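Take a look at the structure set out below.
Fair warning: this is a prediction, and the values are worked out from it, not measured in the lab. Just the heavy atoms: all of them, side chains too, but no hydrogens, waters or symmetry mates, feed the values below.
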Amino acid sequence: MTDDSMVKRKNDHLDIVLDARRANTSTLTGFADYRFVHCALPQLHLDDIDLSTRFFHKTVNAPMLISSMTGGAERAKTINHHLAEAAQHLGIALAIGSQRVALQSGNDHGLTKQLRRIAPDIPLLGNIGAGQLREPQGIDWARRAVEMIEADALIVHLNPLQEAVQQGGDRDWRGVLQAIGTLVTSLEVPVVVKEVGAGISPEVARALVEEGVAMIDVAGAGGTSWAAVEAERAINETQRRVAMAFAGWGTPTAQAIRAVRQTLPETPLIASGGIRDGVDAAKAIRLGADLVGQAAAVLESATESSQAVIEHFEVLIQQLRIACFCTGSADLHALRAAVLLDDRDVPLEAPHG
């Protein structure tokens, strides 16, 4: 794939995701199947609720990750600067989009150490595709991805469905797990593995952790469908029909969190994939997530200004704080033990981890 075609693809992705009608999956996240038992007497001061947590040896003010969005188009520079400014102001984590174009083209598109200067105090995560790790220079690319932004960790994203339905996508996924294991031993920073919207199964999560992966982002179904995105980019009707058959494919985010947490009680987990508000975030944490990621929902704000991003997440954080308040939870540890009912009104056991 040429540099120009990769940049065009990234621009296409931005345009399509910004128009949610063209990118949303038909699958629901599953969070609507759960509800908290309301505490009518919290015995707390709302403003004193502690949402802080640790993430890769840094304290964040809320368990929020601005998830990977874009890294290959020229306008990504402005978007990522807005995100970095907002993340620094809010004291939350930031994961940049794929650095593939920057690594292979020599055009950094703003993915430089300037991001670290904008956001010196927050956890900052680089990003590379799993498919690139199989290339002869894959480990070198991964090291450069970390160095480019002085990242605290590196995300490896798994997107086999997107690649399968994409014109010119990566078809050969043999040896990817072993390549991730090699990467873990080659990098000086932790490796995080995430899906891009179809979910990670307990079996895959366990295999990744056995290779030394430090954290899993389940990135379940219920938000952006990359099969639907690629259907919008299809060059003919046949390709579009193939892709659209998978628009609802994947494990709903809530289900993915529970399943992976039950299998890996001690592994740090990120929940992303269709997180719409702070109530969803609270449910995700109660189901077993340590952090909650959001991408497409904040993309429009990111194209406007850092202040728009700040305001977006301030709403999300306040919603999460109120969810803690109305479950009698003084902090995230207490929230993980709050009473949560499933769709049969059966209380769920508190997650481990």
Side-chain donor-acceptor pair present, H312, Q294, cut-off under 3.5 Å: yes

Atom CZ of R171: over 12 foreign heavy atoms under 6.0 Å: yes

Considering all heavy atoms, the nearest C324-I49 contact: CB-CG2, 3.9 Å

Distance (rounded to the nearest 0.5 Å) between Q239 CD and M244 CE: 13.0 Å

Non-hydrogen atoms of R100 and D170 that approach each other most closely: NH1-OD2, 4.1 Å

Under 3.5 Å side-chain donor-acceptor pair for N159 and E195: no

Residues R206 and T263: side-chain donor-acceptor under 3.5 angstrom: no

Salt-bridge criterion met for D121 and K58 (N-O under 4.0 Å): no

Distance (rounded to the nearest 0.5 Å) between H82 NE2 and I310 CD1: 10.5 Å

Side chains of S68 and N127, donor plus acceptor under 3.5 Å: yes

side-chain hydrogen bond (donor to acceptor under 3.5 Å, both in side chains) assessment of Q307 paired with E311: CA-CA 6 Å; Q307 185 58 39; E311 292 171 0; 3.3 Å; yes

Among V184, V213, V191, side chain to side chain contact (heavy atoms under 4.5 Å, CB included) partner for L208: V213

Heavy-atom neighbours of H57 NE2 exceed 12 at 6.0 Å: no

I128 versus A142, closest heavy-atom pair with distance: CD1-N, 3.9 Å

Salt-bridge contact R35-D345 (side-chain N to carboxylate O under 4.0 Å): yes

Electrostatic pair E147-R144, nearest N-O below 4.0 angstrom: no

